[in-house]
Visitor: 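After the structure tokens below, expect a handful of questions from me.
Residue numbers start from 1 in every chain, and the chains themselves are labelled A, B, ... in the order their sequence lines are given, proteins ahead of strands.
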Number of protein chains: 4
Amino acid sequence: MARTRSEQAVWRREQLLNAALTVFADKGVDGATVKDVAQAAGVTPGLLYRYFDSKEAMVETLLSERGFLPRLRELRAEPNDPRPATEVLTELLESFDRLLVDHAELMALFFSAGQARAPLAALVSEGHRLIGGFLAERVDAGELRAHDTATAARTLFATVAVNRRLGTPIDIAALVGLLFPGEG
Amino acid sequence: MARTRSEQAVWRREQLLNAALTVFADKGVDGATVKDVAQAAGVTPGLLYRYFDSKEAMVETLLSERGFLPRLRELRAEPNDPRPATEVLTELLESFDRLLVDHAELMALFFSAGQARAPLAALVSEGHRLIGGFLAERVDAGELRAHDTATAARTLFATVAVNRRLGTPIDIAALVGLLFPGEG
Amino acid sequence: MARTRSEQAVWRREQLLNAALTVFADKGVDGATVKDVAQAAGVTPGLLYRYFDSKEAMVETLLSERGFLPRLRELRAEPNDPRPATEVLTELLESFDRLLVDHAELMALFFSAGQARAPLAALVSEGHRLIGGFLAERVDAGELRAHDTATAARTLFATVAVNRRLGTPIDIAALVGLLFPGEG
Amino acid sequence: MARTRSEQAVWRREQLLNAALTVFADKGVDGATVKDVAQAAGVTPGLLYRYFDSKEAMVETLLSERGFLPRLRELRAEPNDPRPATEVLTELLESFDRLLVDHAELMALFFSAGQARAPLAALVSEGHRLIGGFLAERVDAGELRAHDTATAARTLFATVAVNRRLGTPIDIAALVGLLFPGEG
DNA sequence: AATGAATGAGCCTTCATTCAT
DNA sequence: CATGAATGAAGGCTCATTCAT
């Protein structure tokens, strides 16, 4: 297991971030102490400061490196996907929902923030763009009836996200069927 | 200005709660100090302890005395309201949205709470009951097409609430029109 | 029960001192709060300050007004008491011991004082004077053998006081018999 | 000055206990603040909490680690010591008195303790056992006249202790001569 | 005479952060 | 790289004391 110096450094950094994410999600950023994080990582508090400038820097690193905006951006419907719109949309939303599940602790971090931390806004607008773009495409193609795609995007996004956060995930197929009955 | 002792006590208590609500919503419960609250109220920290046992007791008082569950319960559509469903629904959602505006700080408090505090769940389920009940009624009456009223209720509720919380309120008429196009 | 103003004042003052003595003896001066004393007296803290300048002033008043130095001074053997010295001495020490019992709370107060409060020294030296004086008298009269009366006084006084304080009172007749066997 | 980490930790701990003992004895446990102790040790208050859980924990550590019961137990007269009883007894009491001098602050702590703390009782009873045992031995050997050895032990112990505590140490030879004139 | 609202100082304790080793 | 001793700045809370009513 001979690890080079720099491998070790990378590994330790990840380990600390993992510990921080777990602890922050569990106790909240304010409720967790640096000592808590260190203990969860099996090191001493001092070591954290070799890797991060401050506790707040850890939060920000978590938000930017572990944020799922990149992965959200990867999510997209194939252009000219031959499948019906509702099918593609359902898949899209389910992927999104799965993203939220995979990053449950981060969601908590987002919501627990006193004043909504900036990354949240980016996340939301990217989600709107993703869904809204797809809907507009299909309306243009004449597959979906003309409708307020912006409002629809916000509706779908909000509904999936909030219900996941509340621990009462919604039936996505039912949601899609509700907005686009008998369509696509 | 002629206030009796007991009037003064009641008034001061309310004032402290107001200050606490503002400060907590602004900085979060953990982020706010007792001193912050006291300063916002123009008194010294010690005084808070004549009215509340602890900082946490303030939060709980706020949640129980200032929660808007009672007001949410008062919201209801008249039975057999002659107006079209979409009109009544729009009014209902707008009232709800207004409630959120009136209690913006409390909303922040709710969301900032790690997960612990129970009142949020009660609020949500009451909202679902309110909207879902109305929808089912109108479906039974044959006014609205048959649809998954539970999912619809959760969708409407979530969409209004989240967008209000994010500071990007939704156009409720558009939302209703989206779910029930050309109906009611 | 019509009490004149000044009677009422005197009565209240005594009542407050009683309450203070009880509470101080129970919790210690530092451990007891002004509120504790007020509650024990059935009044509000503010009132105490009409009668005493400060909490410390209460302690001092207690020490000077309730101290048993005056009563200790009253204690004395009749000059030329015809009874044997050991009998008179035993009676003297028993009176002293009884005094300690009567003022148990004050004893606690004395001992609990960080640096011995002044009155204690006065008490001790008065006790020495009382006992030593009697012994010297009887030695002069040839009734007791010549001995170090000052040391004897300190011995008798210390033994009675400490053992009373420790809750293990000594048998005074035995004590006297020990120092003056077969004498007086 | 080259102190290893663990040596330093032990040393610091001792230093803090020394400081605490001095300060507590001077101002009393309640009267002394954690800041006082820290200042006396030349450190910041926070450091105390790396070594002790609380202020009260410091007191308890002092009582258990610095109590002189062990040293009191080591004190004993040689069996069959050929020297006269009064000589041995004098030496014994002087050792005891010296013990009190060496632990003057602890004595203060003992006395200042409301009544609660148990160690005092153990100390006293051990002292009685020590002195009483020796006296009984010499009475059995026919060297001392028959007398109430228990009362004598309590008398000697109380006299030495109280007078030392009051800052007016007694002449031990005179004390012994008083109880056992012309004997041993 | 008595109350109790209000203050200000300070207490015990916690914790993010630094730094010598 | 890693430790853990040490610091400094609060933070929540208590309490003796004052004063308008």
Side-chain angles (χ1 to χ4, degrees), chain A residues 3 5-6 8-9 12 30-38 41-58, chain B residues 2-6 8-9 11-13 30-38 41-58, chain C residues 3 5-6 8-9 11-12 30 32-38 41-58, chain D residues 2-6 8-9 11-13 30-38 41-58:
Chain A
R3 257 194 297 251
R5 277 279 232 288
S6 100
Q8 154 75 3
R12 178 50 41 100
D30 288 322
T33 71
V34 170
K35 198 178 171 192
D36 288 336
V37 175
V43 299
T44 49
L47 187 58
L48 297 186
Y49 289 85
R50 276 208 158 274
Y51 293 87
F52 306 97
D53 284 342
S54 67
K55 183 185 174 185
E56 183 58 25
M58 270 184 237
Chain B
R3 249 196 303 250
T4 71
R5 275 286 183 62
S6 94
Q8 158 75 4
W11 175 84
R12 180 45 48 99
R13 197 187 125 96
D30 287 325
T33 72
V34 169
K35 198 177 169 192
D36 288 336
V37 175
V43 299
T44 46
L47 187 58
L48 298 188
Y49 292 86
R50 277 192 64 76
Y51 292 89
F52 306 97
D53 284 342
S54 65
K55 184 186 173 184
E56 182 58 25
M58 273 183 233
Chain C
R3 257 196 296 250
R5 276 279 231 290
S6 100
Q8 154 74 6
W11 174 83
R12 179 46 45 99
D30 288 320
T33 71
V34 169
K35 198 178 170 192
D36 287 336
V37 175
V43 300
T44 49
L47 187 59
L48 297 186
Y49 290 84
R50 275 207 159 276
Y51 293 88
F52 305 96
D53 284 341
S54 67
K55 184 185 175 186
E56 184 58 25
M58 271 183 236
Chain D
R3 250 196 301 250
T4 72
R5 274 288 180 60
S6 95
Q8 157 75 4
W11 175 83
R12 180 46 50 95
R13 197 187 124 96
D30 287 324
T33 72
V34 168
K35 201 178 168 190
D36 288 335
V37 175
V43 298
T44 47
L47 187 59
L48 298 187
Y49 290 86
R50 277 192 65 75
Y51 292 89
F52 306 97
D53 284 340
S54 66
K55 183 185 172 185
E56 182 59 25
M58 271 182 236

Visitor: Give me the atom names and distance for the closest heavy-atom approach of B/Ala32 to B/Lys55.
Guide: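 Residues B/Ala32 and B/Lys55, closest heavy atoms: O-NZ, 2.8 Å.
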
Visitor: For C/Gly42 and D/Asp36, take the nucleotide of DNA chain E holding the closest heavy atom to each; which residue's nucleotide lies nearer the 5' end?
Guide: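 So the residue in question is C/Gly42.
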
Visitor: Run the side-chain contact (heavy atoms from CB on, under 4.5 Å) test against B/Ala41 and tell me which residues pass, sequence neighbours left out.
Guide: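 B/Ala41: side-chain contact (heavy atoms from CB on, under 4.5 Å) contacts with B/Gln15, B/Leu16, B/Ala19, B/Val43.
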
Visitor: Measuring from C/Met58:CE to C/Tyr49:OH, what's the distance to the nearest 0.5 Å?
Guide: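 Going from CE on C/Met58 over to OH on C/Tyr49, the span is 6.0 Å.
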
Visitor: Quick one: list whatever passes salt bridge (charged side-chain N to carboxylate O under 4.0 Å, His left out) with A/Asp36, sequence neighbours left out.
Guide: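 A/Lys27.
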
Visitor: I need the minimum non-hydrogen distance between D/Leu48 and D/Ala38, along with the two atoms involved.
Guide: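 For D/Leu48 versus D/Ala38, the nearest heavy atoms are CD1-N, 4.2 Å.
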
Visitor: Rounded to whole Å, how long is the line connecting atom CG of D/Leu48 with atom C1' of E/dT13?
Guide: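 Roughly 11 Å, once rounded to whole Å.
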
Visitor: Would you indicate, yes or no, if F/dA2 has its OP1 or OP2 atom less than 4.0 angstrom from a side-chain nitrogen or oxygen of A/Arg12?
Guide: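 Indeed, a polar side-chain atom of A/Arg12 lies that close.
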
Visitor: Among the nucleotides F/dT7, E/dA2, F/dC1, which one has an atom lying closest to any side-chain atom of A/Arg50?
Guide: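 Per side-chain heavy atoms of A/Arg50, the pick is F/dC1.
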
Visitor: Hey, does B/Arg12 have a side-chain heavy atom less than 4.5 Å from the side chain of B/Leu47?
Guide: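 Yes; the side chains approach each other to less than 4.5 Å.
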
Visitor: Of the listed nucleotides (E/dG4, F/dG8, E/dG8), which one gets closest to any side-chain atom of D/Thr44?
Guide: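 Selected nucleotide: F/dG8.
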
Visitor: Could I get a table of every N or O pair under 3.5 Å where one atom is in the protein and the other is in nucleotides 16-19 of chain E?
Guide:
from	atom 1	to	atom 2	distance (Å)
E/dA16	OP1	A/Lys55	NZ	3.2
E/dA16	OP2	A/Val34	N	2.6
E/dT17	OP2	A/Tyr49	OH	2.7
E/dT17	OP2	A/Lys55	N	2.8
E/dT17	O5'	A/Tyr49	OH	3.4

Visitor: Sequence neighbours left out, what passes salt bridge (charged side-chain N to carboxylate O under 4.0 Å, His left out) with B/Arg13? Give chain and number order.
Guide: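 Per chain and number, B/Arg13 pairs via salt bridge (charged side-chain N to carboxylate O under 4.0 Å, His left out) with B/Glu65.
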
Visitor: Give the rounded distance in Å between these two atoms: CH2 of D/Trp11 and P of E/dT21.
Guide: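 My rounded result for the distance is 14 Å.
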
Visitor: Once Watson-Crick and G-U wobble pairs under 3.5 Å are found, how is DNA chain E written in dot-bracket notation, 5' to 3', with | for any base paired to another strand?
Guide: .||||||||||||||||||||

Visitor: Mind checking if A/Tyr51 touches a base, just sugar-phosphate, or nothing, with heavy atoms under 4.0 Å?
Guide: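 Sugar-phosphate, no base atom in range.
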
Visitor: Shortest non-hydrogen contact from B/Asp30 to A/Gly31?
Guide: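 In this case the closest contact between B/Asp30 and A/Gly31 is OD2-N, 4.3 Å.
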
Visitor: Determine: side-chain N/O of D/Gln8 to OP1/OP2 of E/dT21, distance under 4.0 Å, yes or no.
Guide: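 No, D/Gln8 has no side-chain N/O under 4.0 Å of OP1/OP2 on E/dT21.
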
